[in-house]
Amino acid sequence: MNLSSTSKFTDPSAAARRPGLAVLSAIVHSDSRRSAAILDAVADGWRSFDKDTVAYWFETMEIALANTPARARWRELHMSVGSYYPGHGTLIEEKYLEGEANGEAKDRATLILRVLEKHGVDVPEDIRDRVTSCTDLDTLMLWFDRSLTATTAEDLFAEIEDGQAEGNSNQTSA
């Protein structure tokens, strides 16, 4: 069987009608100059699928592309599949980014508490709650920097020498 004769799926409706062949087309032509056009057409065609079907086929494609040059492009397309208008601040996009930011805030809070723990600093429950409930990434970064040299948990919230309060983005030192 000569796979190079496999059709190049550049029509989104064809990709939607025959998703399995669309995956095969993307694999066979992953090194061709038309690879990006094929992936774009397939992603556009699959947008008409329900959420579970989209997830199944996008994951199938990612696995199938394995270590091909096209895989990075496919992953970019997969990130935007939830929104027909990425970069336009749609509700879907905002909720996705909000979830991403909340995850980052939780990670930073966890790191702050871990640093304090590793330095033998006792963290009272009220301070633990304050750190874990904070969602401002700049404030959390400031607190993380302070956690590196803190001798008490309260040191996280100390004002800097010139009297600026926490969370002020104009601060240059902690």
Side-chain angles (χ1 to χ4, degrees), residues 19 23 26 30 36 39-40 42-174:
V23 171
S30 65
L39 294 176
D40 289 344
V42 172
D44 286 346
W46 289 359
R47 288 180 194 273
S48 64
F49 296 166
D50 65 86
K51 181 181 174 185
D52 291 337
T53 303
V54 167
Y56 171 79
W57 283 110
F58 264 82
E59 190 171 26
T60 299
M61 179 72 87
E62 183 176 351
I63 292 167
L65 290 174
N67 295 321
T68 67
R71 186 170 190 234
R73 172 69 182 141
W74 186 252
R75 289 176 66 98
E76 290 173 17
L77 289 169
H78 192 189
M79 293 301 292
S80 68
V81 77
S83 173
Y84 286 100
Y85 306 101
H88 286 82
T90 63
L91 181 60
I92 292 171
E93 186 175 30
E94 285 176 16
K95 290 300 177 188
Y96 172 79
L97 293 173
E98 182 180 300
E100 222 176 47
N102 285 340
E104 190 173 342
K106 287 180 183 177
D107 288 346
R108 287 186 186 181
T110 299
L111 287 174
I112 291 165
L113 296 173
R114 180 145 173 89
V115 167
L116 293 173
E117 174 189 317
K118 289 297 182 183
H119 288 160
V121 176
D122 181 51
V123 181
E125 198 61 35
D126 63 323
I127 291 180
R128 182 175 302 279
D129 291 343
R130 184 173 175 185
V131 170
T132 58
S133 66
C134 181
T135 58
D136 181 75
L137 297 177
D138 291 334
T139 298
L140 288 165
M141 186 58 75
L142 175 66
W143 291 350
F144 175 76
D145 290 345
R146 290 177 178 174
S147 74
L148 297 172
T149 58
T151 56
T152 69
E154 291 79 10
D155 289 347
L156 294 178
F157 314 118
E159 291 191 15
I160 60 173
E161 292 173 27
D162 64 3
Q164 293 178 329
E166 67 191 40
N168 184 335
S169 61
N170 294 325
Q171 295 177 1
T172 57
S173 66

| field | Shortest non-hydrogen contact between C134 and A105, atoms and distance | value | O-CB, 3.9 Å

| said: Does L113 form a side-chain contact (heavy atoms from CB on, under 4.5 Å) with T132? I'd like the steps, not just the answer. | reply: CA-CA 9 Å; L113 296 173; T132 58; 3.7 Å; yes

| remark: Separation between CD1 (I112) and CZ (R128), nearest 0.5 Å, reads 12.0 Å

| query | Which residues pass the salt bridge (Lys or Arg N to Asp or Glu O under 4.0 Å) test with E117, sequence neighbours left out? | reply | none

| remark: Looking only at heavy atoms, the pair that brings A153 and I127 closest together is CB-CD1, 3.7 Å

| L39 versus L65: any side-chain heavy-atom pair under 4.5 Å? | yes

| request: Output, in order, the C-alpha distance, side-chain angles, deciding distance and verdict of side-chain contact (heavy atoms from CB on, under 4.5 Å) for L116 and L156. | output: CA-CA 10 Å; L116 293 173; L156 294 178; 3.8 Å; yes

| For the atom pair CZ (F157) and OG1 (T139), what is the distance rounded to the nearest 0.5 Å? | 10.5 Å

| field | Pairs where residues 58-73 contributes a residue and the test side-chain hydrogen bond (donor to acceptor under 3.5 Å, both in side chains) is met, not counting sequence neighbours | value | D40-R73, E62-R71, E62-R75, R73-E76

| query | When the ring planes of W74 and F58 are compared, do they come out parallel, tilted or perpendicular, using 30° and 60° as the limits? | reply | parallel

| message | Testing the 3.5 Å rule here: is there a donor-acceptor pair between the side chains of D155 and T152? | response | yes

| remark: What one should report as the nearest heavy-atom pair of R108 and L137 is NH1-O, 2.7 Å

| said: Let me confirm one number: the OG1-NZ distance from T110 to K106, rounded to the nearest 0.5 Å. | reply: 9.0 Å

| Does the R146 side chain pair with the main chain of A158, one donor and one acceptor, at a distance under 3.5 Å? | yes

| message | Using the side chain to side chain contact (heavy atoms under 4.5 Å, CB included) criterion, which residues pair with V115? Sequence neighbours excluded. | response | H119, F144, S147, L148

